[in-house]
Number of protein chains: 2
Amino acid sequence: MKQTATSSSIEDYVKVIYAFTEWQDKPITSSVLATRLGVANSSVSEMVRKLKDLGLVDHEPYSPIHLTAEGLSLALSMVRRHRLLETYLVQELGYTWDEVHDEAEQLEHAVSDHFIERMSAKLGHPVRDPHGDPIPDAHGNITMAPSHRLDELDPGHTGRISRISDHDPELLRHLESLGIGLDTQLTVVGRPRFGAGLQVRLDLSENDAGPQTLGDEVAASLWLASVGRHADCTVQELTGGSLMSPHSAQ
Amino acid sequence: MKQTATSSSIEDYVKVIYAFTEWQDKPITSSVLATRLGVANSSVSEMVRKLKDLGLVDHEPYSPIHLTAEGLSLALSMVRRHRLLETYLVQELGYTWDEVHDEAEQLEHAVSDHFIERMSAKLGHPVRDPHGDPIPDAHGNITMAPSHRLDELDPGHTGRISRISDHDPELLRHLESLGIGLDTQLTVVGRPRFGAGLQVRLDLSENDAGPQTLGDEVAASLWLASVGRHADCTVQELTGGSLMSPHSAQ
DNA sequence: GCAAATATTTAGGCTTACCGAAATCATAGG
DNA sequence: CCTATGATTTCGGTAAGCCTAAATATTTGC
Ligand SMILES: [Mn+2]
Ligand SMILES: [Mn+2]
Ligand SMILES: [Mn+2]
Ligand SMILES: [Mn+2]
């Protein structure tokens, strides 16, 4: 398997392309990619041409961008790195879950494969990070309970929080103050007749203060796994063999 | 205090300038700096001009290169990072002492100040790394037993190994096979009449196989602290206040 | 003291990854 | 069907860090 030489820019591009498709089924467009990376559209056009030359993406001009098998493999490797690092920072170094993202964003490009596997072993090979995001194993397999975004669920649905968007540290601190975290059991009660938001009830809360109303942004940042309906499922990724290890050459 | 914007290149230059003067008293020259960094002489000339503009070094054309107080502060911060990382990798992630250098060389540029201080706390604020190199504290103070290179000592000297050069992993593995490590007690016995090397006796070895002969390269890589003569001494560095934290802006 | 050898700097170029402005393509509304 | 609008790419440029080759300064040997 070719060990394409990578840079931290290439790694971030591929990771963002993957992340977009992880929950939306459609492929990412040039301008969305630019926004997520915080660079100009023209920079994306150039870099996508380069990624195509490297065999990491498929792309026709003026069309959305798809990862190749090789690109997917690199992306999964970066996602594994990022999420293992977040988990490690919380469990071993006492970071709070709102502090870990930026640190992991830098470290993911700097640590060796050896470091990653040591960390994974020390943590007992976890399959999800502090925000519930699934951690691919060393072969790119992902294990995750089927989940839906809270704002897309009808009243009556009940389950446990399985995933929380980690991109806004303030939102994470807000959720903490509400007593909502990973694996919190809750039920969707309804929607306020006018106005925004979603009413939910925390099922196992000690101080049961009745239903709470979550803002739209909050509800869209939470995923719910239905209780007792599905077992975790493993998705075998397309990439045969181990994840690419662009970092072992360091 | 100014927070000079740094890059990993700048950090490595300043660190190597400092490392040269840590045991030799003379300042480093352009070509030695080039060799240690693995870059062309011309690259050093350019970068040194830049470091001077940034106020990190003093330099007149065709003369050796000195760190300013600000440069020293940055260098000590990088040395602290590197050596704490090496210690952490050995103690918490099960690295062997010959594996840590390259990993730390990358990580030192990527971790935040927060990460460094968490690590230091978890390790109990160690004052030396796995090779005996002193770890500056957060204010730039260095604690280290006075020591001399083994190849500069006359027969009769006795003491414990206080420092071992970490630049050649093979040498470290060789020392391990000889039963020589940090704090090993030994006595300089003499020199072979002709030929190279240095004869030493391991004082507390279980299987006392008599004196061993160390090669010149080995002897020059070991430092000995005299037993029972001096207490550790603390060197207050010139820089007032805390070490520069170019990484806190990440 | 001066020429040869050595050390250092300068000059001119390259690569990566950005940018803003201009050109080009795609498509939605009329 | 055809144009206006927005999305995307192309074009010319910049900055950091490196390189080789050429120029210049310093040191050494006689
Ligand atoms: Mn990143
Ligand atoms: Mn996460
Ligand atoms: Mn380094
Ligand atoms: Mn060391």
Side-chain angles (χ1 to χ4, degrees), chain A residues 3-17 20 24 26-66 71 74 78 105-106 108-110 246-247 249-250, chain B residues 3-17 20 24 26-66 71 74 78 105-106 108-110 246-247 249-250:
Chain A
Q3 292 271 117
T4 310
T6 60
S7 64
S8 56
S9 284
I10 290 176
E11 289 167 359
D12 279 338
Y13 272 80
V14 167
K15 194 180 54 153
V16 170
I17 295 168
F20 184 84
Q24 335 248 139
K26 49 183 180 181
I28 197 168
T29 62
S30 189
S31 47
V32 173
L33 186 46
T35 303
R36 302 239 173 150
L37 286 164
V39 300
N41 289 334
S42 53
S43 305
V44 170
S45 285
E46 287 173 359
M47 184 60 101
V48 166
R49 179 155 9 102
K50 179 173 190 172
L51 295 176
K52 189 181 177 188
D53 292 346
L54 289 171
L56 296 171
V57 304
D58 288 329
H59 183 239
E60 297 309 316
Y62 299 98
S63 307
I65 300 145
H66 294 265
L74 176 59
M78 294 313 298
E105 198 62 45
Q106 299 302 126
E108 64 190 1
H109 310 289
H247 295 269
Q250 283 179 6
Chain B
Q3 293 271 118
T4 310
T6 61
S7 64
S8 56
S9 283
I10 290 174
E11 290 166 0
D12 279 338
Y13 273 80
V14 167
K15 195 180 55 154
V16 170
I17 295 168
F20 184 84
Q24 335 247 139
K26 48 183 181 182
I28 197 169
T29 63
S30 190
S31 47
V32 172
L33 186 46
T35 303
R36 303 240 171 149
L37 286 164
V39 301
N41 289 333
S42 54
S43 305
V44 170
S45 285
E46 287 172 358
M47 184 60 101
V48 166
R49 180 155 7 105
K50 181 174 188 172
L51 295 176
K52 187 180 177 186
D53 292 346
L54 289 171
L56 296 171
V57 304
D58 288 329
H59 183 238
E60 296 310 316
Y62 298 97
S63 307
I65 300 145
H66 295 264
L74 176 58
M78 295 313 297
E105 198 62 43
Q106 300 301 125
E108 64 191 1
H109 310 291
H247 296 269
Q250 284 179 4

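Chain letters run A, B, ... following the sequence lines, proteins first and then strands; every chain starts at 1. Keep in mind that what you see is a predicted model, and the values were worked out from it rather than measured.
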In residues 44-61 of chain A, what donor-acceptor pairs under 3.5 Å come from side-chain atoms, sequence neighbours left out?
from: A:Lys52; atom 1: NZ; to: A:His59; atom 2: O; distance (Å): 3.0
from: A:His59; atom 1: NE2; to: A:Ser63; atom 2: O; distance (Å): 3.0

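With sequence neighbours left out, the side-chain contact (heavy atoms from CB on, under 4.5 Å) criterion links B:Ser42 to B:Ala40. Listed by chain and residue number, B:Ser9, B:Ile10 satisfy the side-chain contact (heavy atoms from CB on, under 4.5 Å) test with B:Ser7 (two or more places apart in sequence, or in another chain). In terms of the side-chain contact (heavy atoms from CB on, under 4.5 Å) criterion, residue partners of A:Pro27 (sequence neighbours excluded) are, by chain and number, A:Pro64, A:His66. Residues satisfying the side-chain contact (heavy atoms from CB on, under 4.5 Å) test with A:Ser31, not counting sequence neighbours, are A:Thr29, A:Asn41.
Residue A:Ile17 forms a side chain to side chain contact (heavy atoms under 4.5 Å, CB included) with just one option from A:Leu37, A:Asp12, A:Ile28, A:Val32, and that option is A:Ile28.
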Strictly under 3.5 Å: I want the nitrogen or oxygen pairs between protein and nucleotides 23-26 of chain C, one per line.
from: C:dT24; atom 1: O2; to: A:Tyr62; atom 2: OH; distance (Å): 3.4
from: C:dC25; atom 1: O4'; to: A:Tyr62; atom 2: OH; distance (Å): 3.3

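Here the CD atom belonging to A:Glu105 is positioned 3.5 Å from the NZ atom belonging to A:Lys15, to the nearest 0.5 angstrom.
Between A:Glu108 and A:Met78 the shortest heavy-atom distance is O-CE, 3.6 Å.
Less than 4.0 Å separates DNA chain D from at least one heavy atom of each of the following residues of residues 27-35 of chain A: A:Thr29, A:Ser30, A:Ser31.
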Seminar exercise, completed: Under a 4.0 Å heavy-atom criterion, the protein footprint on nucleotides 14-20 of chain C, written with B, S and -, is --SSBBB
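Taking a heavy-atom distance under 4.0 Å as the criterion, the stretch of DNA chain D touched by chain B extends 5' to 3' from D:dA16 to D:dT26.
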Exercise. For A:Tyr13 and A:Leu74, what are the C-alpha separation, side-chain angles and deciding distance, and is it a side chain to side chain contact (heavy atoms under 4.5 Å, CB included)?
Worked result: CA-CA 11 Å; A:Tyr13 272 80; A:Leu74 176 59; over 6 Å; no
